[in-house]
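So the structure is just underneath, and the comments pick up after that.
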Protein chains: 2
Amino acid sequence: MSVLADIEPVNRESTAGIIARQLRDAIMNGSLPPGTQLGETDLAARFQVSRGPLREAMQRLVSEGLLRSERHRGLFVIDLEPGDVYDIYSARSAIERAAAIRIMRGGDRDRVAAMLDDAVHAMAEADQQDDPAALTEADLRFHEELIEASGSRRLTRMARTLLIETRMCLSALQETYRKSYQGADERVAEHNQIIDAIRQDDEETVLALLEAHMEDAVQRLAPGTSLTSGAAPGLPVGGVDIA
Amino acid sequence: MSVLADIEPVNRESTAGIIARQLRDAIMNGSLPPGTQLGETDLAARFQVSRGPLREAMQRLVSEGLLRSERHRGLFVIDLEPGDVYDIYSARSAIERAAAIRIMRGGDRDRVAAMLDDAVHAMAEADQQDDPAALTEADLRFHEELIEASGSRRLTRMARTLLIETRMCLSALQETYRKSYQGADERVAEHNQIIDAIRQDDEETVLALLEAHMEDAVQRLAPGTSLTSGAAPGLPVGGVDIA
DNA sequence: GGTCGTATGATTGTCAACAATCCGAGGACG
DNA sequence: CGTCCTCGGATTGTTGACAATCATACGACC
């Protein structure tokens, strides 16, 4: 870990990449609510770039599923339908489960646990200061770090989109979220249990806790839906989705 | 299922989407081997479009992880490193597990089993005709349909990239693959077992078979590596990957 | 002889203008 | 009165040209 450890990427990020990241952030924090049309001229002026790089960045988000493109109509931020919360959390459950497995079977568990501790401490701190936004942010940071700690490039890439969509769910259903989930203590406790199980090298418990954590979240956000038993409402019971 | 069932998408796909799909196919079937530089002028002439839409399409593949971009240097097809086969199959295992769970808990299992039967029949037919390429294609079609049958947009999108990378692995390690895995009968049998377990509503067995299937594939493609017990060689044991 | 500076060639990154398409309002017609 | 057609405005899709950057090869210098 010398001072010259991370000077290799002299090549700065591509412009499209920078804009794509900014757009992701804007979608994530609600600056671009679901359904918003992204006018190219406006955005290009806002970013102080031409329409070329901007379009390239937007195409990235299209392939990530954060934008939907209607030909000759424009690009829109996706709006989450009722079944999407189930879809998102079911996918997240799969990703985080795989990440946890990799950590438990080949990672430096203590180091990971320490990093996750930081996130949970931030959660507790946000709770004390009664800052629900910071609490949610720290919550997501916990899961993001869990996945990054797996060392899997693909899990990390896939999770990036899912965590953005998670935040979209949370801000879309903010009122429901607040009302039905008052206890931040439980939230902190749930995450601490996961960390403990990681430290104790108890893979089975880690996976069970993660699954329960996801199940809890789904039932809070979409009451009546369940990851573990049965399909989500609105899911086509008799066949495959069209898209 | 009327005759007018699927006439809704009058809007044809965006040009960038078409080119992106063509590029994906080219990468998948080996027309663009790993490490190839994608010259914009050449490709634009080949596709008979300008560089604009082409660049947009390539940015999509960058965000999907199929291309890597070096600023002012060009875009290159990713080349799979030794640890990638572990990464790919670990991610695939997670995705297909989640898809199977969704099918077992809320899908039309018989319908799914029938569709998967078609793929396996194609595998057997390819085996009889001694056509290993067709056999691999049918094999991947099996997994693709399994995931699509889950009805999850996100699982499907994430799997698309993974299946392309899987095919890249197979063609890159074709010699190894051939040598160490002569029995196509086993391959067909393994898939049939999965279908049977789906029909019998035996979720536990389905998941176990899928996991074993992935484990087998990893050990064939990267001997000495294992999904279930321990990390892959070349995986950073002490920390997180750089990228 | 080895190393460094420089010119060249090609490629990527960016931009502004042109063409195609679509939505909405307004009016004509049955 | 309802429907259809038409036109205007705006937006996206596409193009070709210009600017910036980098790799390579060659020659000068130590």
Side-chain angles (χ1 to χ4, degrees), chain A residues 7-24 26-27 31-79 243, chain B residues 7-24 26-27 31-79 243:
Chain A
I7 61 160
E8 25 176 333
V10 187
N11 284 334
R12 64 174 177 277
E13 202 177 356
S14 92
T15 308
I18 298 174
I19 300 180
R21 184 154 36 81
Q22 303 232 61
L23 282 177
R24 272 190 285 263
I27 293 176
S31 300
L32 295 174
T36 308
Q37 178 172 8
L38 302 183
E40 297 184 354
T41 314
D42 290 348
L43 278 181
R46 207 180 287 271
F47 284 120
Q48 304 235 3
V49 293
S50 185
R51 282 176 50 209
L54 175 68
R55 280 176 64 88
E56 295 171 12
M58 294 197 298
Q59 291 297 325
R60 282 200 188 189
L61 298 199
V62 167
S63 106
E64 293 171 11
L66 261 47
L67 299 180
R68 64 184 157 85
S69 156
E70 298 185 15
R71 190 176 169 92
H72 291 122
R73 195 78 75 85
L75 290 155
F76 303 83
V77 180
I78 58 163
D79 34 10
Chain B
I7 61 158
E8 24 177 333
V10 187
N11 284 333
R12 64 175 177 276
E13 202 177 357
S14 93
T15 310
I18 298 173
I19 300 181
R21 184 154 36 81
Q22 302 232 66
L23 282 177
R24 271 190 285 264
I27 293 176
S31 300
L32 295 174
T36 307
Q37 179 171 8
L38 302 184
E40 297 184 354
T41 315
D42 289 348
L43 278 181
R46 207 180 287 269
F47 285 120
Q48 303 234 7
V49 294
S50 187
R51 282 177 48 209
L54 176 67
R55 281 176 64 88
E56 295 171 13
M58 295 197 298
Q59 290 297 326
R60 283 199 188 190
L61 298 199
V62 167
S63 105
E64 294 170 10
L66 261 46
L67 299 180
R68 64 184 158 84
S69 156
E70 297 185 15
R71 191 176 168 90
H72 291 122
R73 195 78 75 86
L75 290 155
F76 304 82
V77 180
I78 59 164
D79 35 11

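It should be emphasised that the depicted structure is a prediction, and the values quoted were computed from it without experimental measurement. First the proteins, then the strands, lettered A, B, ... as listed; each starts at 1.
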For [X], which residues count as a side chain to side chain contact (heavy atoms under 4.5 Å, CB included) partner, sequence neighbours excluded?
X	result
Leu75(A)	Met58(A), Val62(A), Ser69(A)
Pro33(B)	Thr36(B)
Gln22(A)	Ile18(A), Phe47(A)

- request: With a 4.0 Å heavy-atom cut-off, tell me which residues in residues 38-47 of chain A come close to DNA chain D, sorted by residue number.
  value: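 Residues of residues 38-47 of chain A under 4.0 Å from DNA chain D: Leu38(A), Gly39(A), Glu40(A).
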
Between [atom2] of [N] and [atom1] of [X], the distance in whole Å:
X	N	atom1	atom2	result
Leu75(A)	dT12(D)	CG	P	8 Å
Gln59(A)	dG13(D)	CD	C1'	11 Å
Glu70(A)	dC23(C)	CD	C1'	13 Å
Arg73(B)	dT21(D)	CZ	P	15 Å
Gln48(B)	dT14(D)	CD	P	14 Å
Arg71(A)	dT21(C)	CZ	C1'	9 Å
Glu56(B)	dG13(C)	CD	C1'	14 Å

It should be established whether [X] places a side-chain nitrogen or oxygen under 4.0 Å from OP1 or OP2 of nucleotide [N].
X	N	answer
Thr15(A)	dT14(C)	yes
Arg55(B)	dG13(C)	yes
Arg51(B)	dT15(D)	no

query: Is Leu67(A) close to Ile78(A) at the side-chain level, that is, under 4.5 Å between some pair of heavy atoms?
result: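 In short, these two side chains do not touch, never coming nearer than 4.5 Å.
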
message: Less than 4.5 Å apart, side chain to side chain, heavy atoms only: is that true for Leu23(B) and Leu66(B)?
response: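 They are not in side-chain contact.
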
message: Give me each pair satisfying salt bridge (Lys or Arg N to Asp or Glu O under 4.0 Å) with a member in residues 57-67 of chain A, each pair once, sequence neighbours excluded.
response: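 Listed once each, the pairs are Arg24(A)-Glu64(A), Glu64(A)-Arg160(A).
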
- prompt: Among pairs that include at least one residue of residues 46-57 of chain A, which meet salt bridge (Lys or Arg N to Asp or Glu O under 4.0 Å), considering only residues two or more places apart or in two chains?
  reply: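 For residues 46-57 of chain A, and leaving out neighbouring residues, the salt bridge (Lys or Arg N to Asp or Glu O under 4.0 Å) pairs sorted by first residue read Glu40(A)-Arg51(A), Glu40(A)-Arg55(A), Arg55(A)-Glu56(B), Glu56(A)-Arg55(B).
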
task: Please work out if Gly52(B) contacts a base, only the sugar-phosphate, or nothing of the nucleic acid, heavy-atom cut-off 4.0 Å.
output: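 The residue Gly52(B) makes base contact.
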
- request: Could you work out which one of dT14(C), dC22(C), dA23(D) sits closest to the side chain of His72(A)?
  value: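 It is dC22(C).
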
